[in-house]
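Structure, as structure tokens:
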Amino acid sequence: MKTDVSISMPDGDARAFVFTPDSGDGPWPAAILYMDAPAIRPAMFEMGERLAQAGYYVLLPDVFWRAGPYPPLDIVKARAGDPEMGALFAKLRASTDAEKQMADTKAYLDWLTTQPQAKPGKVGVTGYCMGGGIALRAAGTFPDRIAAAASFHGGNLATDAEDSPHNLAPKITAKLLIAGADEDRSFDEAQCERLDAALKSAGVDAQVSIWKGARHGWVPTDMPVYDKDAAERHWIELVALFDSVLK
């Protein structure tokens, strides 16, 4: 079941969507699903529904909510130089940043505590593409509220930037699953090794790897690089992670 919700923020009302299992009344363990760069669309709804059917109360926030209502984004055209799609993508990306994403995450976590169908206690987070970085950053920003975090084909997780997510490793208490994409310049072997080393040094329970043959964007069914086998592996490992900590 999908329900449209609005979450009050200091600077407006954020659009989000809730998915719950088809059977039972809950409460169910809560999870936040952070979208990828192509934004809210049917493929994201499919993912929210599937995670819910595994027994979770799933919140799918629109990371680009500050941009206001927007038409469907064709990321392939945007990257190919289409001026209309390129302008839309630029507008959406400019509407958010790491600071805003963490402020929003605090509001999402607070909102979840008020939902009777969401089980009290720590939650799980999972993210894709840019959402992967948000999920990892959230785990380091809210260690007392996030018990499990996953990132799939996320990028820029361990860069030279001062605010790179890997620098939050000493604060993370969640169990982590980080799966990078193959031949992905935004998360190459060097970043993978740097992230893994930072997490090990901090004593974080984490699996960090690059999935060979799975290209950036392999999970959502509408992406040109969608890989059914790798996507199914993602579902198996994601649910196992959440189940091991949240159930």
Side-chain angles (χ1 to χ4, degrees), residues 1-22 24-37 39-41 44-70 92 95-151 165 168 171-176 238-239 241-243 245-247:
M1 295 178 61
K2 176 174 77 73
T3 304
D4 295 17
V5 299
S6 180
I7 300 177
S8 295
M9 303 287 187
D11 51 345
D13 293 328
R15 180 175 73 145
F17 307 88
V18 166
F19 303 85
T20 55
D22 288 338
D25 298 320
W28 300 282
I32 300 175
L33 193 161
Y34 293 106
M35 68 190 202
D36 57 3
I40 295 296
R41 60 197 192 282
M44 287 291 106
F45 296 154
E46 291 174 9
M47 293 170 65
E49 290 169 354
R50 179 152 180 182
L51 183 55
Q53 296 315 316
Y56 291 91
Y57 182 96
V58 180
L59 178 66
L60 168 66
D62 184 353
V63 177
F64 297 145
W65 68 268
R66 289 179 179 82
Y70 52 86
L92 297 179
S95 71
T96 188
D97 56 32
E99 184 177 352
K100 291 175 181 175
Q101 290 156 10
M102 291 305 97
D104 289 352
T105 294
K106 181 181 184 304
Y108 303 146
L109 291 167
D110 290 344
W111 184 85
L112 284 170
T113 66
T114 69
Q115 304 307 302
Q117 290 182 307
K119 185 178 179 181
K122 291 188 177 182
V123 309
V125 296
T126 182
Y128 305 81
C129 181
M130 72 170 191
I134 300 174
L136 182 58
R137 192 182 301 278
T141 305
F142 306 100
D144 58 330
R145 306 180 75 174
I146 295 174
S151 169
L168 294 170
K171 298 181 179 180
I172 295 174
T173 59
K175 186 175 182 180
L176 302 184
L238 173 62
V239 172
L241 169 69
F242 281 3
D243 285 356
V245 176
L246 301 172
K247 289 188 176 179

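Side-chain contact between W65 and M9 is present, with at least one heavy-atom pair separated by less than 4.5 Å. Under the 4.5 Å side-chain criterion, counting only non-hydrogen atoms from C-beta, F17 is in contact with I40. At a threshold of 4.5 Å between non-hydrogen side-chain atoms, the residues I146 and T141 do not count as touching. Side-chain contact between K122 and T173: present, with at least one pair of heavy atoms (C-beta onward) separated by less than 4.5 Å. For the pair L60/E49, no side-chain contact is recorded, criterion being any heavy-atom separation below 4.5 Å from C-beta on. Side-chain contact between M130 and V63 is present, with at least one heavy-atom pair separated by less than 4.5 Å. Side-chain contact between V125 and I134: absent, with no pair of heavy atoms (C-beta onward) separated by less than 4.5 Å. In this structure, W28 and T20 have side chains that are in contact, with non-hydrogen atoms separated by less than 4.5 Å.
Residues satisfying the salt bridge (charged side-chain N to carboxylate O under 4.0 Å, His left out) criterion with D110, sequence neighbours excluded, are K106, R145. When the side-chain contact (heavy atoms from CB on, under 4.5 Å) test is applied to K119, the partners found at least two apart in sequence or on another chain are P27, P29. Every salt bridge (charged side-chain N to carboxylate O under 4.0 Å, His left out) that K2 has, sequence neighbours left out, goes to D4. The salt bridge (charged side-chain N to carboxylate O under 4.0 Å, His left out) search around R66 returns D11, D104, not counting sequence neighbours. Legend: residues meeting salt bridge (charged side-chain N to carboxylate O under 4.0 Å, His left out) with R50, ordered by chain and number and at least two apart, are E232. Residues passing the ring-ring contact (aromatic ring centres under 6.0 Å, His included) test with Y56 are F242, sequence neighbours excluded.
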Q.
Show, in sequence, the C-alpha distance, side-chain angles and deciding distance for L59 and I7, and conclude whether the side chain to side chain contact (heavy atoms under 4.5 Å, CB included) test is met.
A. CA-CA 11 Å; L59 178 66; I7 300 177; 4.1 Å; yes
Q: Test side chain to side chain contact (heavy atoms under 4.5 Å, CB included) on R137 and T105 and set out the steps.
A: CA-CA 10 Å; R137 192 182 301 278; T105 294; over 6 Å; no
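Both the sub-6.0 Å distance and the 45° axial angle are satisfied by R15 relative to the ring of Y70.
Below 30°, between 30° and 60°, or above 60°: for Y57 and W111 the angle between ring planes is between 30° and 60°, a tilted geometry.
Closest approach of V58 to G48, counting heavy atoms only: CG2-O, 3.9 Å. Of all non-hydrogen atoms in S151 and G132, the two that sit nearest each other are OG-CA, 3.2 Å.
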